[in-house]
Protein chains: 2
Amino acid sequence: MTDTRCKLLDGTLETLRTKGIAGISARTIASAAGVNQALVFYHFGSVDELIAAACRESATDRVRSYRAQFLEVTSLRELLAVGRVLHAQEREAGNVTVLAQVLAGAERDPSLAAAGREALAVWVIEIETVLHRLLGGSPVAAAIDVPGLARGIAASFIGIEMYDGVDPVGAEHALSALEQLSVLIEVVDDLGPLARRALRSRMRRASH
Amino acid sequence: MTDTRCKLLDGTLETLRTKGIAGISARTIASAAGVNQALVFYHFGSVDELIAAACRESATDRVRSYRAQFLEVTSLRELLAVGRVLHAQEREAGNVTVLAQVLAGAERDPSLAAAGREALAVWVIEIETVLHRLLGGSPVAAAIDVPGLARGIAASFIGIEMYDGVDPVGAEHALSALEQLSVLIEVVDDLGPLARRALRSRMRRASH
DNA sequence: GTCTATAGAGGGATAGAC
DNA sequence: GTCTATCCCTCTATAGAC
């Protein structure tokens, strides 16, 4: 990876964060990266291809940096704690914003759609792995589709990030409430056998 | 409201759905609306002001059309059923996409940020009112911040819509799983007094 | 209110020198 | 690989005829 390619990728992420997908261009990227505008096309062919590459790199890079922590988690409580740290760091770094902006741009360009789909998949696989390990033997796993839950969590993070862009206080409340929901799962998970039976029959009825 | 203003507002919503915030312009809007491009500026001053107006109108219009149904809901189960219908209709009509795209554009223009914030608030107030009515006396309300939950639900819908743009199947699974979560709330809500006590103490511990 | 025409800026992309 | 220069297009916004 040459130095210029790296500068362009970083400049793209920075520009996505500050101006969004609607305000990005080869010129603004080059300016943020401190390189010549023509290099965007020499190295990546087009602006959208560069954005797609930056999105992919950002996702794999961030997920890799959290993998070790995810592997150490042994309870929903711990997962929540890791999730809190992760969320704070990612918000600070603006990586969720990048993904959200690329997803918004997917409406315009197929290469952005593909990159957004892949970046999302990278996060989802990671979340799914942890959830499957933690909820494997739990009655909650019988009631809730774990792969679906992983996708739901990823989607919620995206939505909260968009919310945060226009109302940080409201977004903070949203996040806290969803965190409390996960505690609810843990609570149900720890209920006695009697309550578990009630839960199972209730869930069965609910699904019809 | 003149005919042309109406055409422009509708054309804006349609263009946001098909091209996204990154692909919209006075020309594409005018083309979709079937009117002259200069009329965008005559009636709304700027493209962003037009988008903001369309976003506000879309939100109030849609929420008003659901208000009667929300008022009739008397259980979480019924709320979920209304939510399912609402989600299917809004996805079909593309109204959530509109809001998501405006939120993405908020990064570029303050007037879009204001419109997105207001549109979100309109939905949140509606959800919050129903939740407060349904969960008022429940132990769940003591454990979970209801205004926060309303914001979390709104954010999740936004996120799922963005997900849907790049992976409809994954988004569908995400939605189903989050729906099952709401059933979980109902289950806990209906637990016996013993289980409720366990929940309360568990929640207290979790929040520390 | 609506149209044409256009100014003026910015954007994607390429050619060609180095 | 990098730079300058540039073509050509699209964009916002306005002026002025109707």
Here the distance between atom C1' of dG11(C) and atom CZ of Arg108(A), to the nearest Å, is 11 Å

Of the listed dT12(D), dG12(C), dT2(D), the closest approach to the Val47(B) side chain comes from dT12(D)

Taking dT2(C), dT4(C), dA13(C) as options, the one with an atom nearest any side-chain atom of Gln37(A) is dA13(C)

For dT10(D), take OP1 and OP2 only and decide whether either is under 4.0 Å from a side-chain N or O of Arg27(B). no

note: Ile24(B), atom CD1; dT10(D), atom C1'; distance rounded to Å ~ 15 Å

When rounded to whole Å, the CZ to P distance for the pair Phe44(A) and dT2(D) reads 11 Å

* To do: Taking only the side-chain nitrogens and oxygens of Ser25(B), find out if one of them lies under 4.0 Å from OP1 or OP2 of dC11(D).
  => yes

Checklist entry - OP1, OP2 of dT2(C) versus side-chain N and O of Thr4(B): anything below 4.0 Å? => result yes

Strictly below 4.0 Å, N to O, side chains only: are Arg151(A) and Glu128(A) in salt-bridge contact? yes

Arg5(A) atom CZ is separated from dT2(D) atom C1', nearest whole Å, by 15 Å

Report yes or no: is the cationic atom of Arg91(A) (NZ for Lys, CZ for Arg) closer than 6.0 Å to the six-membered ring centre of Phe157(A), at no more than 45° off its axis? no

Here the distance between atom C1' of dT2(D) and atom OH of Tyr42(A), to the nearest Å, is 9 Å

Assert: residue with more 5' nearest nucleotide on DNA chain C, out of Ala38(B) and Thr2(B), is Thr2(B)

Asp48(A) atom CG is separated from dG11(C) atom P, nearest whole Å, by 14 Å

Value for CD1 (Ile185(B)) from CG (Leu131(B)), rounded to nearest 0.5 Å, stands at 8.0 Å

Side-chain atoms of Asn36(B) come closest, of dC3(D), dC3(C), dT2(D), to dC3(C)

Checking dT14(C), dG11(C), dT12(D) against the side chain of Phe41(A) (C-beta onward), the nearest is dT14(C)

Between the OH atom in Tyr42(A) and the CG atom in Asn36(A), the distance rounded to the nearest 0.5 Å is 13.0 Å

Picking from dA13(D), dT2(D), dT2(C), the nucleotide nearest the side-chain atoms of Leu39(A) would be dT2(D)

note: His43(A), atom NE2; dA13(C), atom P; distance rounded to Å ~ 16 Å

Q | Minimum side-chain heavy-atom gap Ile51(A)-Ile21(A) below 4.5 Å | A | yes

